[in-house]
Engineer: 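The structure under discussion is supplied below as structure tokens; questions concerning it will follow.
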Amino acid sequence: MNRNDEQKMQFILSIRSNGVVDENVLNALETVNRKCFLKGLFAQRAYEDTPLPIECGQTISQPSVVGLMTQALNIKNRDKILEIGTGSGYQTAILSKLARRIYTIERFKPLYEEAREIFNKLNLSNVTSIWGDGSQGLMGQQPFDRIIVTAAAEDPPPTLLTQLKVGGIMVIPVGQSDEIQKLIRVERTETHFKYEDLCDVRFVPLLEGKEEDIYV
Ligand code: SAH
């Protein structure tokens, strides 16, 4: 086994040991090369199960957290998904392997542009990228089967909840930005929203408005 295969095996083992057991999710994590979403020296650390810095002061999520969030969504292959917080595009690429269509929104223009280029390069033709404020969801494409938010809000934004189908699932980190946050799973039933705590996590905050440049 060469060094790359060995690193990849360790990577999947680490993700498994953190609770990701869904074979489809594990396959997607094995298929998508995290290196494509990182730059310079950080690309060499792609197989570490840790968050890493990307442009605009943001982070690419920890792979096992990407796995846990994806698993909690319980994605069906005909699903239409809304993702808030494209960032590097890594989580988006994982979703694109499992669902029919992904709409992903990023508030930083440079991140949006770079991710869009990578999606093109990797031929992820079921991904639509949008530069905008995702806290308001995406009018015109709602309702969604699944919604995933990869930035922390104080509470799940009500607008997003209204854009979820009955029977739909939303996964979102909630809490104050600098403290430990909880990853929660919200399921919309005919009559109400069912909330479930999943685990402690740490994400950058969900902010309002959009940004043109890196330096703000
Ligand atoms: N899943 C991404 C995580 C990126 S960090 C990855 O693994 O790369 C979260 C991202 O959410 C950041 O890029 C941040 O700019 C973005 N974000 C925060 N608030 C937002 C909002 N209101 N609308 C869209 N994107 C937002």
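The analysis underlying the following values was restricted to heavy atoms, covering all of them including side chains, and did not include hydrogens, waters or symmetry mates. Each ligand, and each atom within it, is numbered from 1 in the order the structure gives. Numbers for residues simply follow the sequence, beginning at 1.
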Engineer: Are Glu30 and Lys8 close enough, and set up right, to give a side chain to side chain contact (heavy atoms under 4.5 Å, CB included), and what steps lead you there?
Structural biologist: CA-CA 8 Å; Glu30 209 167 335; Lys8 202 163 169 182; 3.8 Å; yes
Engineer: Only one of Gln141, Lys80, Glu83 clears side-chain hydrogen bond (donor to acceptor under 3.5 Å, both in side chains) with Tyr103; which?
Structural biologist: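 Going through the options one by one, the only one that passes is Gln141.
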Engineer: Rounded to the nearest 0.5 Å, how far does CG of Leu124 lie from CD1 of Ile94?
Structural biologist: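 Ile94 atom CD1 to Leu124 atom CG measures 10.0 Å (nearest 0.5 Å).
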Engineer: Under the side-chain hydrogen bond (donor to acceptor under 3.5 Å, both in side chains) definition, can you give me all pairs with a residue in residues 33-49, not counting sequence neighbours?
Structural biologist: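 Output for this query lists Ser14-Asp49, Asn18-Asp49, Lys39-Glu55, Lys39-Glu114, Arg45-Glu48, Asp49-Ser64.
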Engineer: Is there a path of hydrophobic side-chain contacts, each under 4.5 Å between heavy atoms of I, L, V, M, F, W or Y residues, that connects Trp131 with Val149?
Structural biologist: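 No, separate clusters.
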Engineer: If you measure from the Lys or Arg side-chain nitrogens to the Asp or Glu carboxylate oxygens, is any gap between Lys165 and Asp145 under 4.0 Å?
Structural biologist: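 The answer is yes: the pair qualifies as a salt bridge.
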Engineer: Considering only N or O atoms, set out every pair between ligand 1 and the protein closer than 3.5 Å, with distances to one decimal place.
Structural biologist:
unit_1, atom_1, unit_2, atom_2, d
ligand 1, 1 (N), Thr150, OG1, 3.4
ligand 1, 7 (O), Ser61, N, 2.9
ligand 1, 7 (O), Ser61, OG, 3.3
ligand 1, 8 (O), Ser88, N, 2.9
ligand 1, 8 (O), Ser88, OG, 2.6
ligand 1, 13 (O), Glu106, OE1, 2.8
ligand 1, 13 (O), Glu106, OE2, 3.3
ligand 1, 15 (O), Glu106, OE2, 2.7
ligand 1, 19 (N), Leu207, N, 3.0
ligand 1, 22 (N), Asp133, OD1, 2.9
ligand 1, 22 (N), Leu207, O, 2.5
ligand 1, 23 (N), Gly134, N, 2.8
ligand 1, 25 (N), Arg107, N, 3.3

